[in-house]
Asker: 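Pasting a structure below so you can have a look.
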Protein chains: 2
Amino acid sequence: MNDGGAVREVLDRISDKWSLLVIGALRNGPLRFGELEKGITGISQRMLTLTLKHLVEDGLVSRTAYPEVPPRVEYEVTDLGKTLVPLVIALAEWAIAHRDEINANRGGHH
Amino acid sequence: MNDGGAVREVLDRISDKWSLLVIGALRNGPLRFGELEKGITGISQRMLTLTLKHLVEDGLVSRTAYPEVPPRVEYEVTDLGKTLVPLVIALAEWAIAHRDEINANRGGHH
DNA sequence: CAGCATCCGGGGCGATACTG
DNA sequence: CAGTATCGCCCCGGATGCTG
């Protein structure tokens, strides 16, 4: 498990501000760019664009553009991405379950 | 699951550059400051200090200072932190298992 | 609709030096 | 040994405006 950086290397890719949220948002099937933007609270257009690009590069998400007018683009987790989805869901559930407790520990400051 | 930011809020605390690595390093019991520093590849003394401080504030890790000379300080995951450990381990194993695949997708650039 | 380009401010993070 | 203090760079990420 102490691998000299392999875990860090991968974690760097998915533990940025939005990647896990995007993966989680795609857990139930493909979504369009605009749907993701609405579904993920607080994300800016720029960060959604960049995050999706990185996830596509890493092979965690696929991008499908339909040649229509107006344009339609759908994003979906790949087979590789699907192996990560359960972990993301578990993390999200953990976050929700323990949110109040963590906030109480902080005493509200920060 | 779309909670309007609760998941983001908690994720912000633990998805920084080092928190998950520190939690993972403590999975088998308490460790001293120096042991953590040696065990976590690439972390600087400053970031280990700051990360531990945040984890202690959030109630995920406990700090115990023994009144000895030379000083000895041990860090350990709390009961709350222990609920997170399995998820961290799962993430680490996922990272190791799919590291090569992700790197291959990137084609080595970046 | 789904983006790219540009500007830019704050802070995450590393390097280094010092201390109880 | 286990930190603190200080400096400064980089770059993440938000705001705004423009395009196919």
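Order of the sequence lines fixes the chain letters, A, B, ..., with proteins taken first and strands second; residue numbering starts at 1 for each chain.
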Asker: Roughly, in whole Å, what's the span from CG in B/L36 to P in D/dC1?
Answerer: 14 Å
Asker: Within a strict 4.5 Å, meaning less than it, do heavy atoms of the B/R13 and A/I102 side chains meet?
Answerer: yes
Asker: What is the nucleic acid contact for B/Q45, judged by heavy atoms within less than 4.0 Å: base, sugar-phosphate only, or nothing?
Answerer: base
Asker: Does B/R32 place a side-chain N or O at less than 4.0 Å from the phosphate oxygens OP1/OP2 of D/dA2?
Answerer: yes
Asker: To the nearest 10 degrees, how far apart in direction are the end axes of the helix from C/dC1-D/dG20 to C/dG20-D/dC1, each fit to five base pairs?
Answerer: 50°
Asker: Can you work out whether A/P71 or A/I43 has the more 5'-proximal nearest nucleotide on DNA chain D?
Answerer: A/I43
Asker: Could you tell me the separation between the CD1 atom of B/I40 and the P atom of D/dA2, rounded to a whole number of Å?
Answerer: 14 Å
Asker: Reckon B/T49 touches a base, only the sugar-phosphate, or nothing at all at heavy-atom distances under 4.0 Å?
Answerer: base
Asker: Any side-chain heavy-atom pair from B/E9 and A/N103 closer than 4.5 angstrom?
Answerer: yes
Asker: Rounded to the nearest 0.5 Å, what's the gap from CZ on B/R63 to CD on B/E57? Could you check?
Answerer: 12.5 Å
Asker: Within 45° of the ring axis of A/W18 and under 6.0 Å from its six-membered ring centre, is that where the NZ or CZ of B/R8 lies?
Answerer: yes
Asker: State whether B/R46 places a side-chain N or O below 4.0 Å from either non-bridging phosphate oxygen (OP1 or OP2) of C/dG12.
Answerer: no
Asker: Tell me: CG of B/L48 to C1' of D/dG3, nearest whole Å?
Answerer: 10 Å
Asker: Are A/Y66 and C/dA2 close enough that a side-chain N or O sits under 4.0 Å from OP1 or OP2?
Answerer: no
Asker: Whole-Å distance between C/dC4 P and A/M47 CE?
Answerer: 13 Å
Asker: Could you check how far OH of A/Y75 sits from P of C/dA2, rounded to whole Å?
Answerer: 9 Å
Asker: Could you state the CG-C1' distance from A/L50 to C/dA5, rounded to the nearest angstrom?
Answerer: 12 Å
Asker: OG1 of B/T51 to CZ of B/R46: how many Å apart, nearest 0.5 Å?
Answerer: 9.5 Å
Asker: Rounded to the nearest angstrom, tell me the gap between atom NE2 in A/H54 and atom P in C/dC4.
Answerer: 12 Å
Asker: Ignoring backbone atoms, establish whether A/K53 has a side-chain N or O less than 4.0 Å from OP1 or OP2 of C/dG3.
Answerer: no
Asker: Rounded to the nearest 0.5 Å, how far does CD of A/E93 lie from NE2 of A/H98?
Answerer: 10.5 Å
Asker: For the CG atom of A/L48 and the CG atom of A/L36, what is their distance to the nearest 0.5 Å?
Answerer: 5.5 Å
Asker: Is the shortest side-chain heavy-atom distance between B/I14 and A/L91 below 4.5 Å?
Answerer: yes
Asker: Would you confirm whether A/T78, through its side chain, and A/S62, through its main-chain N or O, come within 3.5 Å as a donor-acceptor pair?
Answerer: no
Asker: Whole Å only: how far is the CG atom of B/L52 from the P atom of D/dG3?
Answerer: 7 Å
Asker: Pull out every residue in residues 14-23 of chain B that has a heavy atom closer than 4.0 Å to any atom of DNA chain C, ordered by number, or say none.
Answerer: B/K17, B/W18
Asker: Rounded to the nearest 0.5 Å, what's the gap from CG on B/L50 to CD on B/Q45? Could you check?
Answerer: 10.5 Å
Asker: As a test of reading the structure: which of C/dC1, C/dA2, D/dA2 is closest to the side chain of A/F33, going by heavy atoms?
Answerer: C/dA2
